[in-house]
Amino acid sequence: MAFSQTILDSSGDHPLLDGLNADQRAAVLATEGAVLVLAGAGSGKTRVITHRIAWLVDPLGVPAWQILAMTFTNKAAREMGERVGHAVGSRSRDLWLGTFHSVGVRLLRQLAGWAGLQPSFSIYDTDDQGRLLAKICKAQNIPESHYKPKQFASYIDKAKNRCLGPDDGRLHEAAFGAFEKKALAVYEHYERDMRLANAVDFGDLIMRPVQVLAKDPEVCANLARRFRYVLVDEFQDTNFAQFELLKFLTSAHGNLCVVGDDDQSIYSWRGAEVGNILSFPEVFAPATVIKLERNYRSTATILKASTALVQGNRNRHGKVLWTESGEGDPITLAALPSDRDEADWVARTVDGMRDRVKLSQIAVFYRTNACSRVLEDSMRRFRLPYVLLGGMKFYERAEVKDALAWCRLLVNPDDSAGFLRAVTSPKRGIGDTTLDAVQAHAARANLSAPEAARDLLRRGEGGRNREKLDGFFKLVDGMRDGIDHLRANQVGERVLALSGLRKALQDEGSPESQDRLENLQQLLAAMSEHADSADEPTLRSFLENVALVADVDALNADKERLALMTMHSAKGLEFDVTFVVGLEEGLCPHANVVNESARDGRDLEEERRLLYVAMTRARKKMHLSYAKQRRRFDGLDMPTQPSRFLQQVPRELVQVERVQDWRSALPWGAPAPGLRSAPAPAAVSRSGAWSPSRPSALPGSLLSPHQRAAGPGDDVPVIDRGGSADGFAPGGKARHARFGLGQVLDIAGYGGDAQITLNFPGYGVKKVIARYLSPA
DNA sequence: GACGTGGCCGTTTTT
DNA sequence: CGGCCACGTC
């Protein structure tokens, strides 16, 4: 601190401090010791962190490699890296900057020996974990009717978040219930198999380094000396294990700066402890506490509404956010007859502002992923380009996972999950019988699945599938040759070509297989990009990153598309215009959480914070909406009540739009008699608030919702159907290499990419891409 | 061993 | 309604 002061005194000011307010400056300058920055939404948090890092590097002259900065998303890490790079140039490359999990991988790679792992260990994702647990359940004769693998996954996750390994006495003491007893047994079995497969899961990435550091003071001291300055973003989301890691890493000097906002704590369900941020000043006493309360993002209206909402919570530090921005537009609150009308309303409103607002500056937030489908439908019908965050992630697609399974097996010969997947994709005549035998042998001989398979072959016991299995391993071993000296994409290309994955898809020739081939091509592109930009161009390095990418990272502001995402994904982002939809009881707050007595109402408070996070994303204009009727997953339309949270939004900030039956629908109830300043009745907006630019694309139901009869005729298709493409016509014939001659039933799309539905005698109805067909 | 069909189950949020 | 899994058939 004295050092900073000197620099300030001599130069008077510094470009890095330009444009920072007094609190922000204080946060940048308090470099030594423990610092807690309570940063309200939109208070310039990222700016403070990046300037602080830059300040450490230059003028303070701290070598970049002595600085460790951790975030929760790759996107935040990347943004931070870019902004620091802007300030200090190439020196930023030496920073240790990444997500908790990526830093965990790096640490664990170095500590592998201490943790009893080979450095080539694999990272099992939730899917691999689930499969393994299902296998264990079967082996332990646990009927899935009673406990589901998912429950065990959650148990294990929770244990690891608290750094409790399966041998931990505290876990055994707590195992009195039937479930806990079973879960603990499953956990033990699970860890055994993970070790054999030389694999770790997400929880291990934090817990294992912590265990090593706790056990070995010397290793800990070395590491703590290496990182002289540690920074953490979104500190309110850290769990116990992460907090432990921080304590060890800073044990030599205590230079720990954490930035967070208790009002934005929305991850308690996955182990985040708000207590970490609340107790920080005591745990790291004496700590400097700095509050950033000036909001630079939103209009006064949006800020007031958000603040009013979150003030409904009792458990909070209590900041008072303020802004010098003007009032701006009122908040729009729309009540729509149904979820479909709501989605159409969003689409239409977006469509109506396209000439004024860039699509990339618009986002729609909802509580559950399931809400996205109806929105997607509307976006498609209105021909609005969109990105969907969440949902099926690229790296979760079957074909991508198949290719990655091969890659993992190349890098880590013990990767059981990778082996079990690769050996059956593409199909090579090896099935459950063989693999059951392999796994039985693996369990007996304490081997990973692939090693067990090799062992069976060596003993001449491969059964009928000896040769197939043998061929598989020859293929794998051949591919493995020299992979450490090749670029990731070169190995990837080798995998696609030699595994038969590409050929299998090419032979299929369906529209889906075409998509899948493109996904594989995209995978190669991602590998190539990684090889160009990462420290290490190898496949191993690529796989490390792949396991840790989330979908938000794909959000690309360059593309002119609006974004659809859950409220959780919204954290850390900002947009000019936002829509927060589905504000209904049971959805937001969610039905599983509305019980106020549960956990002292803390769950309910988290729901409120979640909405607060969503609301504080908007810079200029916010739309809130709810549907009076929502279709459940079983297809039934259920009546709904407006969210209780809407009552906490001051009505003078809100303009009600397009409400059918507005007296009963308003969350505040019927207006007081004679109240002239009540929001405009719905009729006003109904009559002409919209002038549809593309009437043909608009379903008439928006104007008269009750005329809509749900049914197949409801959809206005985007793709023109019934035309001919490349000489094919419905009713005509076409030839396919595998299926032979077939009758064309339907054509969708144009040119070589057209999707043609045909009936092949003996094969049935298939969808095929035009370019895979030849004229009859 | 591969592939097809039928039953069942589910949706809170994810690094 | 739709996706996944278990079971049955070829």
Side-chain angles (χ1 to χ4, degrees), chain A residues 70-77 98-105 123 125-127 129-131 134 138 143-145 148-150 153-154 157 160-161 201-206 233-234 237-239 241-242 265-272 365-374 389-393 395-396 398 423-437 463-465 468 545 547-553 565-572 582 586-594 603 606-607 609-611 613-614 630-637 710 712 763-764:
Chain A
M70 283 185 281
T71 64
F72 274 84
T73 66
N74 292 296
K75 184 175 187 289
T99 64
F100 262 100
H101 291 87
S102 69
V103 170
V105 177
I123 302 167
D125 63 16
T126 322
D127 201 58
Q129 190 184 35
R131 277 167 213 272
K138 205 174 270 178
E144 216 171 286
S145 53
K148 276 157 237 145
K150 228 177 148 182
S154 154
D157 236 36
K160 291 190 174 177
N161 284 341
D201 60 24
F202 283 129
D204 285 323
L205 295 178
I206 313 295
D233 191 15
E234 307 280 17
D237 291 334
T238 51
N239 60 36
Q242 288 159 338
S265 161
I266 54 175
Y267 284 111
S268 75
W269 50 272
R270 82 173 192 217
F365 307 132
Y366 38 83
R367 179 64 236 271
T368 71
N369 274 313
C371 298
S372 70
R373 176 163 273 145
V374 64
L389 280 73
M392 182 62 125
K393 291 167 192 127
Y395 289 108
E396 282 171 11
V423 77
T424 54
S425 47
K427 303 268 180 268
R428 54 190 340 104
I430 295 169
D432 293 342
T433 319
T434 309
L435 294 181
D436 284 349
R464 183 177 306 146
N465 281 323
K468 290 173 187 161
N545 284 284
L548 304 172
V549 289
D551 224 32
V552 211
D553 306 326
M565 70 189 85
T566 63
M567 298 183 190
H568 280 87
S569 309
K571 192 161 63 120
L587 196 54
C588 183
H590 195 270
N592 293 355
V593 150
V594 290
D603 284 339
E606 182 151 317
E607 291 287 302
R609 289 195 294 270
L610 186 55
L611 180 54
V613 166
R630 184 166 295 274
R631 189 166 296 184
R632 261 191 342 195
F633 58 84
D634 59 2
L636 277 174
D637 285 316
Y763 291 93

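The chains referred to below are lettered A, B, ... by the order of the sequence lines, with proteins before strands, and numbering in each begins at 1.
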Atom [atom1] of [X] to atom [atom2] of [N]: distance rounded to whole Å?
{"X": "A/Tyr366", "N": "B/dT12", "atom1": "OH", "atom2": "C1'", "answer": "13 Å"}
{"X": "A/Asp432", "N": "B/dC3", "atom1": "CG", "atom2": "P", "answer": "13 Å"}
{"X": "A/Arg131", "N": "C/dA6", "atom1": "CZ", "atom2": "P", "answer": "11 Å"}
{"X": "A/Phe365", "N": "B/dT13", "atom1": "CZ", "atom2": "P", "answer": "16 Å"}
{"X": "A/His568", "N": "B/dT11", "atom1": "NE2", "atom2": "P", "answer": "16 Å"}
{"X": "A/Arg373", "N": "C/dC1", "atom1": "CZ", "atom2": "C1'", "answer": "8 Å"}
{"X": "A/Ile206", "N": "B/dT15", "atom1": "CD1", "atom2": "C1'", "answer": "9 Å"}
{"X": "A/Asp127", "N": "C/dC4", "atom1": "CG", "atom2": "C1'", "answer": "12 Å"}

Rounded distance (nearest 0.5 Å) linking atom [atom1] of [X] with atom [atom2] of [Y]:
{"X": "A/Leu636", "Y": "A/Arg631", "atom1": "CG", "atom2": "CZ", "result": "9.0 Å"}
{"X": "A/Leu205", "Y": "A/Thr99", "atom1": "CG", "atom2": "OG1", "result": "9.0 Å"}
{"X": "A/Phe72", "Y": "A/Glu234", "atom1": "CZ", "atom2": "CD", "result": "7.5 Å"}
{"X": "A/Leu610", "Y": "A/Lys571", "atom1": "CG", "atom2": "NZ", "result": "10.5 Å"}
{"X": "A/Thr238", "Y": "A/Asn161", "atom1": "OG1", "atom2": "CG", "result": "11.0 Å"}
{"X": "A/Arg131", "Y": "A/Asp125", "atom1": "CZ", "atom2": "CG", "result": "9.0 Å"}

message = To check you understand the geometry: which heavy-atom pair defines the closest contact between A/Gln242 and A/Asp237, and what is its length?
response =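 The answer is OE1-O, 3.9 Å.
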Heteroatom pairs (N/O) under 3.5 angstrom, protein to nucleotides 7-10 of chain C:
none

key: P spacing across the pair B/dT13 / C/dC4, given as an integer number of angstrom   =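 Going atom to atom, P in each nucleotide, I get 15 Å.
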Measure from the side-chain heavy atoms of [X] and tell me the nearest of [options].
{"X": "A/Asn369", "options": "B/dT15, B/dT14, B/dT12", "value": "B/dT14"}
{"X": "A/Lys427", "options": "B/dC3, B/dT15, B/dT13", "value": "B/dC3"}
{"X": "A/Tyr267", "options": "B/dT14, B/dG10, B/dG1", "value": "B/dT14"}
{"X": "A/Thr434", "options": "B/dG1, B/dT12, B/dG10", "value": "B/dG1"}
{"X": "A/Trp269", "options": "B/dT11, B/dT14, B/dA2", "value": "B/dT14"}

Check the phosphate of [N] against [X], side-chain N and O only, distance under 4.0 Å to OP1 or OP2. Yes or no?
{"X": "A/Lys148", "N": "B/dG10", "result": "yes"}
{"X": "A/Lys150", "N": "B/dT11", "result": "yes"}
{"X": "A/Thr126", "N": "B/dT14", "result": "no"}
{"X": "A/Thr566", "N": "B/dT13", "result": "no"}
{"X": "A/Asn465", "N": "B/dG1", "result": "yes"}
{"X": "A/His590", "N": "B/dT12", "result": "yes"}

At under 4.0 Å between heavy atoms, what does [X] touch on the DNA or RNA strands: base, sugar-phosphate, or nothing?
{"X": "A/Ile430", "value": "sugar-phosphate"}
{"X": "A/Lys468", "value": "nothing"}
{"X": "A/Phe72", "value": "sugar-phosphate"}
{"X": "A/Ser102", "value": "nothing"}

query = So does A/Arg367 reach the base of B/dT13 with its side chain, donor to acceptor, closer than 3.5 Å?
reply =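 In this structure, the two groups form a donor-acceptor pair.
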inquiry  = Heavy-atom nearest nucleotide on DNA chain B for A/Phe202 versus A/Leu435: which residue maps closer to 5'?
reply    =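 Comparing both residues, the 5'-ward one is A/Leu435.
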request  = Among A/Trp269, A/Tyr366, A/Phe365, find the residue that satisfies the ring-ring contact (aromatic ring centres under 6.0 Å, His included) test when tested with A/His568.
outcome  =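 The single option meeting the ring-ring contact (aromatic ring centres under 6.0 Å, His included) with A/His568 is A/Trp269.
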Parallel, tilted or perpendicular, as decided by the 30° and 60° cut-offs, for the rings of A/Phe202 and A/His101 =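 Perpendicular: the ring planes of A/His101 and A/Phe202 meet at over 60°.
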